[in-house]
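Working notes for the structure below.
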Amino acid sequence: MINFNGKIVSNAQANLSVFNRGYAYGDAVFETIRVNGNVILFLEDHYFRLMASMRILRMRIPMDFTLEYLEKQILDTVASHGIPKNQSVRVKLNVFRDSEGLYTPQKNNVGFFISVAKIDQPFYALNEIESNAYEIELFKDHMVAKDLLSTLKTNNRVLNVLAGIFAKENNFANMLLLNTDKKVIEATNGNIFLVKGSLIKTPPTADGCISGVLKKQILRILKNNKELKIEEDSISAFELQKADELFITNVIGGITSVTKYRKKQYSTDVTKKVLSLLNFDIRLKK
């Protein structure tokens, strides 16, 4: 079942026109959201990021596009699947400019659709080195521009697609993207964190990376932590092989520990502490 502009319809009925601007021009933004049971994780952060993205793209935000409205639309869509309340799900909320026109739209009105898929684990868990090797590499074929549009989750993700294909063809679990200054900014599907001793670094949004919702939670949780220091600073490719640990974050998978980059093998001690703090924080908010 798909929620199409507030109406829940079957997958077969949820047809987009070939002239849809999200399809034709990438003129759309999206949020990938995790729902545990009947709780939408980090709802406010998703909502405010969505609103900011729509404003930057000069979309007309409907008066009824409130946080409460979108919360109800998401939960109604999840309920339409008959999914048990203890089941975690992945929700994709896609907002597109609903207008005729070529590059220049005739109007700035929007439409939306919401889709749902099941997730196996109810809480975030760390991949185990012994059973799941997670090797990464740098993607150098194309680089991310260091500008405001690069930080938005738009439908124009062709660079990520090409990086994903490269990873698959070369047996890597993931790729790290570079900006035009050749700084490491993120993975194909999440933000990157580097651990050196008690210091954890992650690239700033100004470097061109996505302003990740889970990244924001980790920055908040570690801000006043006495054992670990967190900072947003640029990361060079050279630093990757000097790091003790690397991990990747997104709201669906949580924290993924990198096990290998070239000849460097990584540990997971600090990553496990961060994961524990994150899950504890989520339970507190229930």
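Hydrogens, waters and symmetry mates are skipped; everything else that's a heavy atom, side chains included, is used. Sequential numbering from 1 along the given sequence is applied to the chain's residues. None of the values given here were measured: they were computed from a predicted structure.
- Rounding to the nearest 0.5 Å gives a distance of 12.0 Å between CG of L246 and OG1 of T256.
- Counting heavy atoms from C-beta on, the side chains of M1 and V116 never come closer than 4.5 Å.
- Distance CG/L67 to NZ/K72: 14.5 Å, rounded to 0.5 Å.
- The line from CG of N94 to CG of N20 is 8.0 Å long, rounded to the nearest 0.5 Å.
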Going through the distances and angles, do V270 and L228 end up as a side chain to side chain contact (heavy atoms under 4.5 Å, CB included)? CA-CA 9 Å; V270 173; L228 302 171; 3.9 Å; yes
Between I235 and K201, is a side chain to side chain contact (heavy atoms under 4.5 Å, CB included) present by the stated rule, with each step listed? CA-CA 8 Å; I235 294 176; K201 284 178 61 176; 4.1 Å; yes
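- A single hydrophobic cluster is not seen to contain both L148 and V213; linkage of ILVMFWY side chains at heavy-atom distances under 4.5 Å, directly or through other members, places them apart.
- Other cluster members for M63: none, since no ILVMFWY side-chain heavy atom sits under 4.5 Å from it.
- Y25 pairs by the ring pair (Phe, Tyr, Trp, His ring centres under 6.0 Å) definition with Y103, not counting sequence neighbours.
- Looking at I61 and M51, their side chains come closer than 4.5 Å, going by heavy atoms from C-beta outward.
- Between F166 and F172, the ring planes lie parallel to each other; the angle is under 30°, not in the 30° to 60° tilted range.
- When all heavy atoms of T268 and S257 are compared, the pair lying nearest together is CG2-OG, 3.0 Å.
- Looking at every heavy atom in both residues, L177 comes nearest to A163 through CD2-CB, 3.8 Å.
- Taking the side chain as every heavy atom from C-beta outward, R34 and V91 never approach each other to under 4.5 Å.
- Between E137 and R262, at least one side-chain nitrogen of the basic residue sits less than 4.0 Å from a carboxylate oxygen of the acidic one, meeting the salt-bridge criterion.
- For N36 and N86, the side-chain atoms include no donor-acceptor pair closer than 3.5 Å.
- D141 CG: more than 12 foreign heavy atoms inside a 6.0 Å radius.
- Close placement of the F65 and F112 rings is indicated, their centers lying within 6.0 Å of each other.
- Not one N or O on the side chain of E186 forms a donor-acceptor pair closer than 3.5 Å with the backbone of L176.
- Looking at heavy atoms from C-beta onward, R21 lies in side-chain contact with S99 at the 4.5 angstrom threshold.
- Using modelled atom types, no side-chain atom of Q87 and backbone atom of P84 make a donor-acceptor pair closer than 3.5 Å.
- A pairwise comparison of heavy atoms in G164 and T188 identifies N-CG2, 4.2 Å as the closest pair.
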Just do the side chain to side chain contact (heavy atoms under 4.5 Å, CB included) check on S53 and L152 with the steps written out, would you? CA-CA 6 Å; S53 298; L152 308 183; 3.7 Å; yes
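- Contact check for L194 versus T202: no side-chain heavy atoms found under the 4.5 Å cut-off.
- For N250 (side chain) and I252 (main-chain N/O), a donor-acceptor pair under 3.5 Å exists by modelled atom type.
- Salt bridge status for R49 with E31: present, with a side-chain N to carboxylate O gap under 4.0 Å.
- For residues 95-118, the pairs satisfying salt bridge (Lys or Arg N to Asp or Glu O under 4.0 Å) are D27-R97, with sequence neighbours left out.
- Of the N and O atoms on the side chains of S150 and D147, at least one donor lies less than 3.5 Å from an acceptor on the other residue.
- With contacts defined as side-chain heavy-atom distances shorter than 4.5 Å, the pair P203/D233 does not qualify.
- Using a 3.5 Å distance cut-off with no hydrogens or angles, the side chains of R60 and N109 do pair a donor with an acceptor.
- A donor-acceptor pair is defined here as one N or O able to donate and one able to accept, closer than 3.5 Å; no such pair exists between the side chain of Q241 and the backbone of F238.
- Hydrophobic clustering keeps L159 apart from L138 (ILVMFWY residues linked when any side-chain heavy atoms are closer than 4.5 Å, directly or through intermediates).
- Transitive grouping of hydrophobic side chains (ILVMFWY, heavy atoms separated by less than 4.5 Å) keeps Y261 and M175 in distinct clusters.
- For the residue pair D45 / Q217, a side-chain donor-acceptor distance below 3.5 Å is found, with atom types taken as modelled.
- Cluster membership for F193 and V274, using ILVMFWY side-chain heavy atoms within less than 4.5 angstrom, is shared.
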Which is it for E227 and K273 under the salt bridge (charged side-chain N to carboxylate O under 4.0 Å, His left out) test, yes or no, and what are the steps along the way? CA-CA 10 Å; E227 294 183 22; K273 290 180 182 178; 3.8 Å; yes
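- Between E232 and K215, at least one side-chain nitrogen of the basic residue sits less than 4.0 Å from a carboxylate oxygen of the acidic one, meeting the salt-bridge criterion.
- Side-chain contact check for E245 and T271: at least one donor-acceptor pair (N or O, by modelled atom type) lies under 3.5 Å.
- The environment of NZ in K196 is crowded: more than 12 heavy-atom neighbours from other residues, nucleotides or ligands sit within 6.0 Å.
- Residue-environment remark: CZ (F19) stays at or below the threshold of 12 foreign heavy atoms within 6.0 Å.
- The same ILVMFWY cluster, assembled from side-chain heavy atoms under 4.5 Å apart, contains both I221 and I230.
- The minimum heavy-atom distance between A145 and T180, with the atom names listed, is CA-CG2, 4.1 Å.
- Of all heavy-atom pairs spanning K264 and L240, the tightest one is CG-O, 4.4 Å.
- Nearest heavy atom pair, residue F42 against residue V251, reads CD1-CG1, 4.1 Å.
- F4 belongs to a hydrophobic cluster whose other members, connected by ILVMFWY side-chain contacts under 4.5 Å either directly or through intermediates, are I2, V9, L16, F96, F113.
- By the side-chain hydrogen bond (donor to acceptor under 3.5 Å, both in side chains) test, S234 pairs with D207, sequence neighbours left out.
- Using modelled atom types, no side-chain atom of R90 and backbone atom of V35 make a donor-acceptor pair closer than 3.5 Å.
- Side chain to side chain, N174 and Y134 meet the donor-acceptor criterion of an N or O pair below 3.5 Å.
- V78 has its side chain out of reach of I40: every pair of non-hydrogen atoms, C-beta onward, lies at least 4.5 Å apart.
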Hey, mind stepping through I210 and T151 against side chain to side chain contact (heavy atoms under 4.5 Å, CB included) and telling me if it holds? CA-CA 4 Å; I210 293 292; T151 69; 5.6 Å; no
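- Considering only heavy atoms from C-beta on, Y124 stays 4.5 Å or farther from T249 through its side chain.
- Grouping Ile, Leu, Val, Met, Phe, Trp and Tyr by side-chain contacts under 4.5 Å, direct or through others, leaves F30 on its own.
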